[in-house]
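Just so you know, these numbers come straight off a predicted model, no measurement behind them. Naming: A, B, ... by sequence-line order, numbering from 1 per chain.
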Amino acid sequence: MEYNFREIEAKWRSFWAAHETYRVTEDPSRPKFYVLDMFPYPSGAGLHVGHPLGYIASDIYARYKRLSGYNVLHPMGYDSFGLPAEQYAIQTGQHPAITTEQNIARYRDQLDKLGFCYDWSREVRTSSPDYYKWTQWIFKQLFDCYYDNTTKKAERISGLVQQFEANGNAGVSACTDCETIFSAAEWSAYSPQQKEAILQEYRLAFLADSWVNWCPALGTVLANDEVVNGVSERGGHSVEQKLMRQWSMRIKAYADRLLTGLDTVDWTDSIKDMQRNWIGRSEGAAVRFKVQGHDEEIEVFTTRPDTIYGVSFMVLAPEHPLVDQITTDEFKEGVDHYKKISALKTERDRQSNVKNISGQFTGAYAIHPFNGSQVQIWIGDYVLASYGTGAVMAVPCGDQRDYDFAKHFNLEIINIFADVDISAEAYTEKDAVIAHSEFLNGLPAKAAIKKAIEEIEARGIGKGRVNFRLRDAVFSRQRYWGEPFPVYYENELPQLVDDAFLPIELPEVDKYLPTEDGEPPLARAERSAWKWFAGDRMEHNTMPGWAGSSWYFLRYMDPNNTQEFAGKDKLEYWREVDLYIGGSEHATGHLLYSRFWTKFLYDQGYIPFDEPFRKMINQGMILGRSSFVYRVSHSNTFVSASLKDQYEVTPLHVDISLVENDKLDIEGFKAWRAEFAHAEFICEADGSYLCGHEVEKMSKSKYNVQTPDELVDKFGADTLRMYEMFLGPLEQSKPWDTKGINGVYNFLRKLWRLFYDQNGNLLVTNDAPNPESLKTMHRTIKKISDDLDRFSFNTGVSNFMICVNELTEQKCHNAQILKELSILLSPYAPHISEELWAILGNAPGTVGTQPFPVFNEAFLVESSFSYPVSFNGKMRFKVDLSLDLTAKEVEDHVMAMPETAKWLDGNTPKKVIVVHGRIVNMVL
RNA sequence: GCGGAUGUGGUGAAAUUGGUAGACACGCCAGACUUAGGAUCUGGUGCCGAGAGGUAUGCGGGUUCGAGUCCCUCCAUCCGCACCA
């Protein structure tokens, strides 16, 4: 009887479903373990073989932890709001909910085929009203809180208002954009509109006019992490800077804690560093410069206050609010022109023209706060409006960009470094001694920075300050398929919808496009289309994709709770995710936002932990292996790979299903597309057409997508699971190649043959296991658990192969051994393990809840060791010696051997190193 | 430019603490068997060499009895960030 994976896998899939084998409930008597996958966006293309890589690893680990006695939470769901379903809706008019539903069904089917042990009763979907009710609820809490720098946590706005009423805002230390200082009396005199405008500058979720990444092609704003190389991450459309009234999240408030929290989690250095860079903490000082002839002052941020005597000019961002005020009539035209050009430039243009120095003098002068000299004020787009104060003090001798700017516009360069040559470039190291700088003279940079800040503060012209690159995250999108805000407007004041009326559900609209006047799609909804409506209008924006994914891991703990986002007892039991597996592409998006929300919910006492993901592993990307045919230019003739250099050719992607071992299925190719029906071929000598190949990202457009479905169909889920693990270390990215899958398939068949012979006779015996087999088994137990503990799934598969090879050699069909092997293998290959477990006479469906086999070192004890004997570190021969021999006895034995005499060639070794049970080395 | 990672056979890779480099598998070569199968079994397979042997973990150096592993210089590839003051 052959290994019939089709029958076996179908049988156990339905058994597990019928018996709810993987359902979990809270159980205080057992320790918990939470294993989480990054939930997928259910796209129309379905899963390719790259997607399940991480899911397989986490599934193996979850099963391993279950065997080890843990109560394991291992859920799955869908990040089901998003762009593709909406684009499809725009094109076809079909409601995105329908597309989403279909895609989810396809995903579920594909996931089920792989035999994952998800507790599907806990499934979440971000687009389900039962779920986004709580996304809206969390938004409300963020709206109703501010960040208090004194208590170092989020606090309620009502407390802030009390402070304003009692003392104004002078004594409040909060994370805010508010620069106005007001007294209690002034506060109470403000109109409701004015009060709300001020509160918006404190709220953690707030409305503000801000410079945003506007993507005209998508008709929406994008967050910084959604803009890559100056174009939109999705679709690659150009992005420009625009001042718009948008919802934002004051993530800056958490910058410091997001940074320090990284020290407490077990993530890779690369992800941590990406987040650190993204947060971009820099220490320095804010210094105010007076503008000659104006009351206004310009504040700059610098990390090098020690170089302040090197300031020879100042540069403002073109968008800086004071530019118009200070520009003199003479330069007005030039400044206006420059501002216009900058505004038209897309983000990409600004980035790609790094070496293009441009700027414009404003005609205004600032007064140097220490030496009183006049410094020209310029505008230039190398200064960013959104970083620091949007203005810099230019120190050409110490900053290369300032240096280049000064050279280009022939501005003064003052050298304030002792014994440093700056004739060719700026000196940017922090190790020079400061000169020509009055009270800073003779100090090395580090001491000078400290001294300069003290002096700046003493003179009241500025302050030491820590600045972050991290910007507040834009939180609204001009889209249909996202969470509606629980907000309505009265006299243009945003009002929160009462909890009792949540969720605010998406209203039906006639079209999914923005309105003719550029309003978001929700503006199309009739008043009656809203199930709940108040005020003058509802909020028309929707939340971004990262809203729902910032807290989904909490909902799995209590997915059907209608009273809370998750019950206190459940949160207290499951706590943070113990193991999170997913791609590293979310380093500065999802992984930062979910940490932010977690810290906020912790501050407000809703959850008992402030980091969501204790340990994270980032699986590598599985790349596709694309195949190419080579079309001779201006013809319908294709030339085989080895001959292509003799022609002028264009490579074309060809569907990998038409190619086997680089050989093209010519008839299939002709039938593939009408344009190729009459193609001619210039072939190899043997008449075959060879394709070229290249490793690329897997994508539909490259025709290199391999779906798991066809492989499951051909080889079974257990084989695919093990093969994906066998490919190499989980974290490494690797090209997909099915060549080796036979090896894994053969392994499972070989395993099967330990149970049945070719004629279907059961071979299992019940006699006592022999010592050899026990040794094999216990060595395997040790290796498999060690491999799992260090997430080395690929060597795990190898060790199973070694084990089965050895047992086959030993003709071992012993029930006790095979029983342990079935348990051991069940995390990797759950279907066949259940089958074998049942064959051995155990209760069906219970292999996954057995105790993990106990390693007994006694079976491994060896009496002798084959010592490698090396000379000057080169191994020459081996000798079997008893492990009872002492080092001296080993040495004596080896010295007496004829082989030793041969290699010594008459010499006496200077030294003989004997490491007991390891090696003998002679030093000549 | 800054930060992170990775370089080992024809291929995917292994070597967890410095101790036999290449486990396991693919592929390839030779053979056996046969109900000719994507089957199974046996032997071989880093490179050079007929062999003895030599040589080999990106390059070059160092530490050590002994280095893929530790230290230094350099090179290449991949990923992330990038006018961040």
Side-chain angles (χ1 to χ4, degrees), chain A residues 2 228-229 268-278 280-282 284 300-304 307 315 317 350-351 353-357 380-384 386-395 398-402 404-405 428 467-471 584-585 587-588 618 620-621 661 714-715 723 726-729 731-735 737-747 749-750 753 758 783 786-787 789-790 792 794-802 805 866-878 909-915 917-924:
Chain A
E2 276 287 301
V228 177
N229 294 326
T268 62
D269 287 339
S270 82
I271 295 269
K272 286 189 185 185
D273 277 333
M274 275 188 227
Q275 290 211 347
R276 288 191 186 108
N277 283 336
W278 191 259
R281 183 180 200 273
S282 53
V300 300
F301 174 74
T302 177
T303 55
R304 294 297 300 274
T307 64
V315 187
R350 278 205 187 188
Q351 281 177 14
N353 291 330
V354 169
K355 293 281 167 274
N356 255 349
I357 295 159
D381 63 11
Y382 83 91
V383 177
L384 307 176
S386 46
Y387 181 75
T389 60
V392 302
M393 58 176 222
V395 183
D399 184 286
Q400 193 57 42
R401 293 150 305 165
D402 296 346
D404 294 341
F405 196 87
T428 55
N467 215 12
F468 293 96
R469 205 192 72 111
L470 182 71
R471 290 169 210 181
S584 57
E585 66 271 20
T588 52
N618 308 109
M621 205 185 342
N661 282 330
K714 261 183 178 169
F715 298 101
Y723 182 56
F726 190 56
L727 279 175
E731 299 91 331
Q732 223 167 74
S733 71
K734 49 225 156 190
D737 195 340
T738 28
K739 264 190 205 153
I741 198 165
N742 268 314
V744 174
Y745 182 54
N746 288 342
F747 154 74
R749 290 157 34 112
K750 203 164 179 179
R753 288 199 299 272
Q758 281 171 320
K783 282 185 168 168
D786 285 355
D787 285 343
D789 287 336
R790 64 194 175 102
S792 179
N794 54 327
T795 52
V797 177
S798 299
N799 284 320
F800 279 118
M801 289 174 170
I802 293 169
N805 287 347
S866 177
Y867 278 93
V869 181
S870 54
F871 294 76
N872 282 339
K874 296 220 179 303
M875 202 278 286
R876 297 302 181 182
F877 60 87
K878 290 188 194 173
K910 290 198 189 100
K911 206 180 193 184
V912 180
I913 312 262
V914 177
V915 182
R918 277 215 183 263
I919 200 167
V920 179
N921 190 22
M922 309 252 176
V923 187
L924 299 179

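To the nearest whole angstrom, the two C1' atoms, one in B:C41 and one in B:U64, are 47 Å apart. Comparing the P positions of B:U17 and B:C70 gives an interatomic distance of 9 Å, to the nearest angstrom. Using P as the reference atom, B:G3 and B:A82 are 16 Å apart when rounded to the nearest Å. Comparing the C1' positions of B:G49 and B:G43 gives a spacing of 22 Å, expressed to the nearest Å. Comparing the same atom, P, in B:C59 and in B:U69 gives a spacing of 11 Å after rounding to whole Å. If you take atom P in B:U73 and the same atom in B:A52, they sit 43 Å apart, rounded to whole Å. The gap from the P atom of B:A15 to that of B:A85 amounts to 41 Å, rounded to the nearest Å. Comparing the same atom, C1', in B:G9 and in B:A21 gives a spacing of 11 Å after rounding to whole Å.
Base pairing of B:G37 is not made with any nucleotide, judged by Watson-Crick or G-U wobble geometry with both donor-acceptor distances under 3.5 Å. Nucleotide B:G66 is matched to nothing when pairs are restricted to Watson-Crick or G-U wobble geometry with both distances under 3.5 angstrom. Remark: B:A5 base-pairs with B:U77. Criterion, Watson-Crick or G-U wobble with two distances under 3.5 Å. In this structure B:C26 sits in a base pair with B:G10, meeting the Watson-Crick or G-U test at under 3.5 Å. Pair check for B:U57 finds none; no Watson-Crick or G-U wobble contact set falls under 3.5 Å. With a cut-off of 3.5 Å on both Watson-Crick or G-U wobble distances, the partner of B:A21 is given as none.
Whole-Å rounding puts the A:Q758 CD to B:C33 C1' distance at 11 Å. Separating the CE atom of A:M875 from the C1' atom of B:U55 is a distance of 15 Å, rounded to the nearest angstrom. At whole-Å resolution of the value, CD1 in A:I271 and C1' in B:G3 are 13 Å apart. In this entry the distance linking OH of A:Y867 with P of B:C65 reads 21 Å, nearest Å. Distance, A:Q275 CD to B:C79 C1': 16 Å, rounded to whole Å. The CD1 atom of A:I919 sits 4 Å away from the C1' atom of B:G19 (whole-angstrom rounding). Distance A:N794 CG to B:A15 P: 7 Å, rounded to the nearest Å. Counting to the nearest Å, the P atom of B:G4 and the CG atom of A:D273 are 6 Å from each other.
Nearest nucleotide to the side chain of A:D381, out of B:C83, B:A15, B:G19: B:C83. Here B:U40 is the nucleotide among B:U40, B:G19, B:U55 with the atom lying nearest to any side-chain atom of A:R749. Side-chain atoms of A:K911 lie closest to B:C65 of the nucleotides B:A85, B:C65, B:G3. With B:G4, B:C65, B:U16 as the choices, the nucleotide that has an atom nearest any side-chain atom of A:S270 turns out to be B:G4. Candidate nucleotides B:U20, B:G80, B:A85 were compared by shortest atom distance to the side chain of A:P868, and B:U20 ranks first. Checked against B:C81, B:G4, B:U20, the side chain of A:D269 finds its nearest nucleotide in B:G4. The side chain of A:V383 has B:A85 as its nearest neighbour among B:C65, B:A85, B:C81. For A:R918, whose side chain is taken as the heavy atoms from C-beta onward, the closest listed nucleotide among B:C81, B:A21, B:U17 is B:U17.
A:Y723 and A:N742 share no donor-acceptor pair across their side chains, judged by distance under 3.5 Å alone. Side-chain N/O atoms of A:T795 and A:S798 include no donor and acceptor closer than 3.5 Å. When only modelled atom types and interatomic distance are considered, A:N921 and A:S870 share a side-chain donor-acceptor pair under 3.5 Å.
In this structure a side-chain-to-backbone donor-acceptor pair under 3.5 Å is missing from A:K911 to A:V923. Counting only distance, with no hydrogens or angles, the side chain of A:N794 and the backbone of A:F726 share no donor-acceptor pair below 3.5 Å.
At least one side-chain heavy atom of A:V914 sits less than 4.5 Å from a side-chain heavy atom of A:V912. The shortest distance between side-chain heavy atoms of A:T268 and A:N618 falls below 4.5 Å. Residues A:V315 and A:Y382 have side chains in contact (heavy-atom distance under 4.5 Å, counting atoms from C-beta outward).
Counting any heavy atom pair closer than 4.0 Å across all strands shown, A:Q400 reaches no nucleic acid atom. Counting any heavy atom pair closer than 4.0 Å across all strands shown, A:K714 reaches a base atom. Here A:V392 lies in heavy-atom contact (under 4.0 Å) with a base. If you check every strand for non-hydrogen atoms under 4.0 Å, A:S733 touches nothing. Residue-level contact check: A:P729 touches the backbone only, with heavy atoms under 4.0 Å from sugar-phosphate atoms and none from bases. Within 4.0 Å of A:K910, counting heavy atoms only, lies no atom of the nucleic acid at all. Within the nucleic acid shown, A:R876 comes within 4.0 Å of sugar-phosphate atoms alone, with no base atom in reach, counting heavy atoms only. Backbone-only contact: A:R753 has heavy atoms under 4.0 Å from sugar-phosphate atoms and none from a base.
Residue A:S870 places no side-chain N or O under 4.0 Å from the OP1 or OP2 atom of B:C65. Phosphate proximity of B:C2 to A:R276: absent, as no side-chain N or O sits under 4.0 Å from OP1 or OP2.
When all heavy atoms of A:K734 and A:G728 are compared, the pair lying nearest together is NZ-O, 3.6 Å.
Shown here, B:G9 is classed syn by the O4'-C1'-N9-C4 or O4'-C1'-N1-C2 angle, which is within 90° of 0.
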Heavy atoms under 4.0 Å is the rule here; annotate nucleotides 24-30 of chain B 5' to 3' with B where the base is hit, S where only the sugar-phosphate is, and - elsewhere. BSS----
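You won't find any donor-acceptor pair under 3.5 Å spanning the side chain of A:N277 and the base of B:C81, going by distance alone.
Comparing A:V915 and A:T795 by the nucleotide of RNA chain B whose heavy atom lies nearest to each, the residue mapping closer to the 5' end is A:T795. Positionally, the nearest nucleotide of RNA chain B for A:Q732 lies more toward the 5' end than for the other of A:S584 and A:Q732.
Ring orientation note: the planes of A:Y387 and A:F301 are nearly perpendicular, at an angle over 60° on the 30°/60° scale. Note on ring orientation: taking the six-membered ring where Trp is involved, the planes of A:Y745 and A:F715 are perpendicular (angle over 60°, cut-offs 30° and 60°).
Salt bridge annotation for A:K272-A:D269: absent, with no cationic side-chain nitrogen under 4.0 angstrom from a carboxylate oxygen.
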